[in-house]
**Q** 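Shown below is the structure under consideration.
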Amino acid sequence: MNTNKRENIAAYSFLTPAFVLLGLFLIIPSILAIYYAFTDYYLLTPDKRQFIGIGNFIEIFKDPIFLQSLKNIIIFVVFVIPIQVGTALGLALLINKQRKGNMFFKVAYFSPVVLSLVVISVLWLYLLNPSEGLINTILVNIGLDPQPFLSSPDQAMLTIVLVSAWQGAGYQMLIFLAGLQNIPSSVYEAGKIDGVNKWQNFFHITLPLLKPTSILIMITTLISAFKLIIQPMVMTQGGPMNSTITPVYYIYQTGFSDRLIGYSSAMTVVFGIVIGIITLIQHKATKEDETQ
């Protein structure tokens with residue numbers, strides 16, 4: 001056996017566990033989800049499942065809760081991306097300056113990222129309590145009216161947006177910080193010689209050179225935003241009046257609580273197609289922007 005063949009066998013042997021896990025937890029479940037989407041599979045009577053064609057898909061687009069969940073997740077994505085990314089960039093710019101205590105602030109800003117989302121959600125649930133929460137206590141003490149926050153259909157999703165942006169901004173902050181530290185100081189020195197002020201520095205030097213980093217952060221934030229489930233599950237249970245229910249949470253409820261595997265699989269397929277279309281649009285827009 002020659003050396004190249006032995007090296008190839010060794011390489012594939014190292015890859016085999018990854019391929020097995022990929023097949024068990026991604027490929028096979030995806031194939032089964034597509035198959036079950038065309039059946040009336042009920043978890044408690046698996047032997048009685050029948051092929052019903054596109055019946056589940058027709059039902060989906062008549063389902064007001066699923067349509068509401070799509071609307072909710074779009075609202076969440078539209079608001080959370082600029083708030084979270086903007087906050088992360090601002091924090092990175094602050095920490096990038098050489099000053100005492102930077103390490104403390106790095107740890108402080110990043111610490112919510114390493115905490116469990118369940119813990120974060122429970123913490124904010126207490127802070128936002130309408131009658132005894134710290135936030136409303138502060139509002140009352142400064143002369144403002146207490147707010148319903150999570151118990152209001154108009155405020156619940158925006159509240160979850162702010163909590164999610166606060167929790168996740170520390171991760172994007174570190175990526176932005178790495179991008180900022182990779183910008184050569186000579187570029188700023190050349191700008192200073194040309195009489196560039198701080199705002200011109202930011203808009204004409206920092207932002208353009210951070211473009212690859214910004215694209216990476218936008219894509220990862222978009223993917224994470226569409227997977228929203230823990231915050232509404234813990235903080236609002238999808239309410240009030242389904243104002244915070246998301247597709248992933250509704251799929252979970254339908255599949256595991258109601259045990260309608262066929263219908264939840266159909267929703268999974270539809271939601272996957274929606275995400276795929278949005279990802280392609282974003283990829284195309286990003287690619288066109290890079291070629292300009």
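Owing to the predicted nature of the structure, the values given are computational and were not obtained by experimental measurement.
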**Q** CG of L139 to CG of L134: how many Å apart, nearest 0.5 Å?
**A**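 Going from the CG atom of L139 to the CG atom of L134 covers 9.5 Å.
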
**Q** Answer yes or no: is there a side-chain heavy-atom contact under 4.5 Å between K211 and I215?
**A**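 When only atoms from C-beta onward are counted, I215 and K211 do touch, with a gap below 4.5 Å.
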
**Q** Any side-chain to backbone donor/acceptor pair from N96 onto A92? Under 3.5 Å, distance only.
**A**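 Not at all, since once roles are kept as given, no pair shorter than 3.5 Å links the two residues.
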
**Q** Using atom types as modelled and distance alone, determine if a side-chain donor or acceptor of T221 lies under 3.5 Å from a backbone N or O of M218.
**A**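 Not a single qualifying donor-acceptor pair exists.
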
**Q** Other than I31, which residues form its hydrophobic cluster under the rule that side-chain heavy atoms must be closer than 4.5 Å?
**A**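 Reading the cluster by chain and number, I31 sits alongside L22, L26, I27.
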
**Q** Please answer whether the main-chain N or O of I217 pairs with a side-chain N or O of T220 as donor and acceptor at a distance below 3.5 Å.
**A**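 Between the backbone of I217 and the side chain of T220 there is a qualifying donor-acceptor contact (under 3.5 Å).
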
**Q** Let me confirm one number: the CZ-CD1 distance from F105 to I95, rounded to the nearest 0.5 Å.
**A**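 Between atom CZ of F105 and atom CD1 of I95 there are 8.5 Å.
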
**Q** Are there over 12 heavy-atom neighbours, none belonging to F79, within less than 6.0 Å of that residue's CZ?
**A**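 For F79, atom CZ is not crowded (no more than 12 foreign heavy atoms under 6.0 Å).
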
**Q** Given the rule in the side chain to side chain contact (heavy atoms under 4.5 Å, CB included) test, do F271 and T268 qualify, once you have shown the distances and angles that lead to the verdict?
**A** CA-CA 5 Å; F271 187 52; T268 303; 5.9 Å; no

**Q** Could you work out, with side-chain hydrogen bond (donor to acceptor under 3.5 Å, both in side chains) as the rule, every residue matching D40, not counting sequence neighbours?
**A**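 Once residues adjacent in sequence are excluded, D40 has no partner under the side-chain hydrogen bond (donor to acceptor under 3.5 Å, both in side chains) criterion.
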
**Q** Taking C-beta and beyond as the side chain, do V269 and F57 meet within less than 4.5 Å on heavy atoms?
**A**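 Touching, per the 4.5 Å side-chain cut-off.
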
**Q** If we ignore hydrogens and angles and just use 3.5 Å, is the side chain of Q172 paired with the main-chain N or O of V85 as donor and acceptor?
**A**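 Here the side-chain-to-backbone pair does not exist.
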
**Q** Quick one: OG1 on T16 to CZ on F19, what's the gap to the nearest 0.5 Å?
**A**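 Reported value, rounded in 0.5 Å steps: 7.5 Å.
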
**Q** Less than 4.5 Å apart, any side-chain heavy atom of Y249 and any of I73?
**A**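 No, too far: nothing below the 4.5 Å cut-off.
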
**Q** What are the two closest non-hydrogen atoms of P232 and I160, and how far apart are they?
**A**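 Closest heavy-atom pair between P232 and I160: CA-CD1, 4.0 Å.
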
**Q** Rounded to the nearest 0.5 Å, what separation is found between the CG atom of L125 and the OG1 atom of T236?
**A**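 One gets 9.0 Å once the value is rounded to the nearest 0.5 Å.
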
**Q** Can you name the residues that form a side-chain hydrogen bond (donor to acceptor under 3.5 Å, both in side chains) with Q155, not counting sequence neighbours?
**A**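 With neighbours one apart ignored, the set is Q147.
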
**Q** Under the 3.5 angstrom rule, does the side chain of T254 hit a backbone N or O of I251 as a donor-acceptor pair?
**A**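 Such a contact is absent between T254 side chain and I251 backbone.
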
**Q** Which heavy atom of L89 sits nearest to which heavy atom of F202, and what is that distance?
**A**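 So the minimum-distance heavy-atom pair works out to CD2-CZ, 4.0 Å.
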
**Q** In chain order, what residues pass the side-chain hydrogen bond (donor to acceptor under 3.5 Å, both in side chains) check against D258, with sequence neighbours excluded?
**A**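 Once residues adjacent in sequence are excluded, D258 has no partner under the side-chain hydrogen bond (donor to acceptor under 3.5 Å, both in side chains) criterion.
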
**Q** Any non-hydrogen side-chain atom of T213 less than 4.5 Å from a side-chain atom of I175?
**A**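 Result yes, sub-4.5 Å side-chain heavy-atom pair found.
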
**Q** Show your reasoning for whether ring-ring contact (aromatic ring centres under 6.0 Å, His included) applies to F66 and F61.
**A** CA-CA 8 Å; F66 181 73; F61 292 102; 7.2 Å; no

**Q** With sequence neighbours left out, what residues match P17 under side chain to side chain contact (heavy atoms under 4.5 Å, CB included)?
**A**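 Listed in chain order: nothing, the list is empty.
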
**Q** Closer than 3.5 angstrom, by distance alone: can the side chain of S264 be matched with the main-chain N or O of I261 as a donor-acceptor pair?
**A**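 Present.
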
**Q** Are the side chain of S265 and the backbone of I34 linked by a donor-acceptor contact shorter than 3.5 Å?
**A**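 Between the backbone of I34 and the side chain of S265 there is no qualifying donor-acceptor contact (under 3.5 Å).
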
**Q** Decide yes or no for N136 and F149: does some side-chain heavy atom of the first lie under 4.5 Å from some side-chain heavy atom of the second?
**A**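 Yes, side chains in contact.
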
**Q** For E59 and Y263, which heavy atoms make the closest approach, and how far apart are they?
**A**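 Residues E59 and Y263, closest heavy atoms: O-OH, 3.6 Å.
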
**Q** Any side-chain to backbone donor/acceptor pair from T246 onto S69? Under 3.5 Å, distance only.
**A**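 Side chain of T246 to backbone of S69, a donor-acceptor pair under 3.5 Å: no, none is there.
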
**Q** Who are the side chain to side chain contact (heavy atoms under 4.5 Å, CB included) partners of S121, not counting sequence neighbours?
**A**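 For S121, the residues satisfying side chain to side chain contact (heavy atoms under 4.5 Å, CB included) (neighbours in sequence not counted) are I230, Q231, V234, M235.
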
